[in-house]
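First listed ligand is number 1; within each ligand, the first listed atom is number 1.
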Amino acid sequence: MMKRERLARLLVLGIFVALPLALLGYQYGLRPLTAPHRVIDIVAAAPEAGGFQPDSIQVQTGETVTLRFSAPDVTHGIAIGPGLGIDIGSVEPGQVREITLTFDHAGTFTFYCNTWCSRDHWRMRGVLSVYDTDGSLPAPSRDPVIDQLVAEGVDIDAAHSGQTNHTEAVALVPSPERGAVLLPNLTVPHEVGNSQRRRTHTLAEAAALLQAANPTASEQDVIDAAAALWLPSPAPPADTARLYQQNCAACHGETGSGQSLSTITTASEPAAFADFSYMLHMRSDVLYAKIRRGGMGTDMPNFGTLFMPDETWALVDYLWGLTLAAE
Ligand code: HEC
Ligand SMILES: [Cu+2]
């Protein structure tokens with residue numbers, strides 16, 4: 001009886017103490033030593049507490065590495081981009097989350113936090129450089145859309161931020177649904193009908209061209225028809241909504257109101273995508289360029305090192321969805 005109890009106690013001790021100890025020992029002691037590849041420990045702290053440590057990692061193509069993230073302070077969300085589709089999910093304080101990766105091509109990637117962990121959250125980024133076997137690192141590729149804007153002399157930073165400097169007040173509320181019904185009966189000029197050209201023109205320009213081609217149409221008809229053309233179709237994928245809510249909503253508002261969380265202060269006011277009279281004068285390629293390159297001293301972060309060009313266009317579409325959302 002006594003013996004059996006002792007045995008049971010030993011067993012319990014074995015399960016509750018020895019096993020976790022062994023696991024811990026394996027995780028932190030043995031494994032890094034025996035792993036056939038590098039295990040890199042990364043501390044993920046809010047930017048005010050030092051951000052990612054280390055915030056720069058070098059690997060080789062073909063090399064397998066395990067990145068092991070731990071959070072000392074608050075919950076963080078870890079993603080790696082662009083183009084890798086990696087979202088590790090949240091890492092809670094005391095928790096360890098890891099991912100094992102092998103890169104088949106060289107390039108520069110960004111690991112970043114996508115959970116609003118602190119006031120300076122959006123600064124929480126690190127660089128993952130994947131070197132070619134010959135030791136080279138490809139130069140960052142130029143963005144033809146941004147190059148084209150520069151060549152055209154378009155100032156991406158021209159002051160047109162939301163609420164201010166409107167010369168004309170737009171009283172009209174656009175109805176893309178109504179516009180879609182009207183469109184087949186309107187003459188649609190080439191510049192307006194072509195989706196590529198729409199990216200380099202404003203909705204206001206399109207409305208003016210439509211009005212000129214359809215002199216008898218009312219102002220409301222013209223705005224509605226232009227809005228129907230601007231409403232992305234098909235709607236951007238659910239992934240895009242998630243990207244916006246994770247990375248943009250805290251500053252620009254969930255519905256694009258331009259109202260940031262009270263804890264966030266930015267040097268300039270975040271743009272209000274829900275404000276039609278502001279978006280009326282915005283070119284999609286300029287919105288795209290701003291997202292990729294960020295603002296100059298405005299606290300609008302650059303996302304070109306996080307997202308692929310097509311993800312960025314999808315975000316621009318998403319912004320138009322916020323602008324033209326049915327009332
Ligand atoms: C830390 C706050 C912050 C975050 C996060 C943020 N923005 Fe911004 N954004 C701003 C501010 C401030 C401005 C206005 C100043 C400027 O245009 O540079 C701005 C401007 C913009 C503009 C340009 C509008 C114009 O008038 O040119 C676009 C487009 C934009 N943001 C999109 C996004 C998207 C998409 C995301 C998420 C992927 C995002 N922003 C995340 C603060 C933020
Ligand atoms: Cu964060």
Open item on the list: Assess, by modelled atom type and distance only, whether the side chains of Ser129 and Thr108 contain a donor and an acceptor separated by less than 3.5 Å.
Closed with: no

Task: Polar contact flag for Ser268 and ligand 1 (N/O pairs, less than 3.5 Å) - done: no

Open item on the list: What I want to know is whether Tyr278 and ligand 1 share at least one N or O pair that is separated by under 3.5 angstrom.
Closed with: yes

- [ ] Could you tell me whether Leu287 approaches ligand 1 through its side chain, its backbone, both or neither, with non-hydrogen atoms closer than 4.0 Å?
- [x] both

TODO: Indicate, as side chain, backbone, both or neither, the part of Pro301 found under 4.0 angstrom from ligand 1 when only non-hydrogen atoms are considered.
DONE: side chain

Open item on the list: Please determine whether His252 has a backbone or side-chain N, O or S atom lying under 2.8 Å from atom 8 (Fe) of ligand 1.
Closed with: yes

- [ ] Can you sort out which atoms of ligand 1 are near Lys290, meaning under 4.0 Å from one of its heavy atoms?
- [x] 16 (C), 17 (O), 18 (O), 22 (C), 23 (C), 27 (O)

TODO: Give a yes/no on ligand 1: does Phe307 have at least one heavy atom closer than 4.0 angstrom to it?
DONE: yes

- [ ] Could you say whether the N/O atoms of Thr298 and ligand 1 ever approach to under 3.5 Å?
- [x] yes

Task: For ligand 1, the portion of Met296 having any non-hydrogen atom under 4.0 Å away - done: neither

Task: salt bridge (charged side-chain N to carboxylate O under 4.0 Å, His left out) contacts in which one or both residues fall within residues 235-252, not counting sequence neighbours - done: Asp87-Arg242, Asp239-Arg242

TODO: Specify side chain, backbone, both or neither for Tyr318, according to which of its non-hydrogen atoms lie closer than 4.0 Å to ligand 1.
DONE: neither

Open item on the list: Please find the pair of heavy atoms, one from Ala46 and one from Met124, that lie closest to each other, and give the distance.
Closed with: CA-SD, 4.2 Å

Task: salt bridge (charged side-chain N to carboxylate O under 4.0 Å, His left out) partners of residues 220-236, not counting sequence neighbours, each pair once - done: Arg178-Asp221, Arg178-Asp224

Open item on the list: Could you go through Leu324 and Phe276, starting from their C-alpha distance and side-chain angles, then the distance that decides it, and tell me whether this counts as side-chain contact (heavy atoms from CB on, under 4.5 Å)?
Closed with: CA-CA 7 Å; Leu324 300 169; Phe276 180 64; 3.9 Å; yes

Task: Sub-4.0 Å atoms of ligand 1 with respect to non-hydrogen atoms of Ile291 - done: 29 (C), 32 (C), 35 (C)

- [ ] Measure Tyr244 to ligand 1 on non-hydrogen atoms and call it side chain, backbone, both or neither using the 4.0 Å cut-off.
- [x] neither

Task: Contacting atoms of ligand 1, where contact means under 4.0 angstrom from a heavy atom of Gly295 - done: 18 (O)

Open item on the list: Using a 4.0 Å cutoff against the non-hydrogen atoms of Trp116, which atoms of ligand 1 qualify?
Closed with: 5 (C)

Open item on the list: Would you compute the distance between atom OG1 of Thr266 and atom NE2 of His252 and round it to the nearest 0.5 angstrom?
Closed with: 8.5 Å

Open item on the list: Parallel, tilted or perpendicular, judged at 30° and 60°: which one describes the rings of Phe307 and Tyr112?
Closed with: perpendicular

Open item on the list: Between Asp275 and Ser277, is there a side-chain donor-acceptor contact under 3.5 Å, judged purely by atom types and distance?
Closed with: yes

Task: Residues Arg293 and Asp157 bridged, charged N to O under 4.0 Å - done: yes

Open item on the list: Can you name the atoms of ligand 1, numbered from 1 with element, that are less than 4.0 Å from a heavy atom of Phe273?
Closed with: 28 (C), 29 (C), 30 (C), 31 (N), 32 (C)

Open item on the list: Checking contacts here: is it the side chain or the backbone of Thr266 that comes within 4.0 Å of ligand 1, counting heavy atoms only? Could be both or neither.
Closed with: side chain

TODO: Between Arg283, Met300, Glu269, flag the one that comes closest to atom 14 (C) of ligand 1 by a heavy atom.
DONE: Glu269

TODO: Tell me which N, O or S atom of His121 sits nearest to the Cu ion (ligand 2).
DONE: ND1

TODO: Number the atoms of ligand 1 from 1 as they appear, then name those within less than 4.0 Å of a heavy atom of Phe303, with their elements.
DONE: 36 (C), 37 (C), 38 (C), 39 (C), 41 (C)

Task: Side chains of Tyr288 and Asp143, donor plus acceptor under 3.5 Å - done: yes

- [ ] Any atoms of ligand 1 less than 4.0 Å from a non-hydrogen atom of Trp122? List them with their elements.
- [x] 1 (C)

Open item on the list: Could you check whether any heavy atom of His121 sits closer than 4.0 Å to an atom of ligand 1, since that is the contact criterion I want to use?
Closed with: no

Open item on the list: For Tyr244 and Tyr318, take the angle between the two ring planes, folded into 0 to 90°, and tell me which bin it lands in: parallel under 30, tilted 30 to 60, perpendicular over 60.
Closed with: tilted

TODO: Mind reading off the angle at the Cu ion (ligand 2) between the O atom of Thr115 and the SG atom of Cys117, rounded to 10°?
DONE: 110°

Open item on the list: Under a 3.5 Å cutoff, is there a donor and acceptor pairing between the side chains of Ser56 and Gln58?
Closed with: yes

TODO: Please check if any side-chain donor atom of Thr102 sits under 3.5 Å from a side-chain acceptor atom of Thr64, or the reverse.
DONE: yes

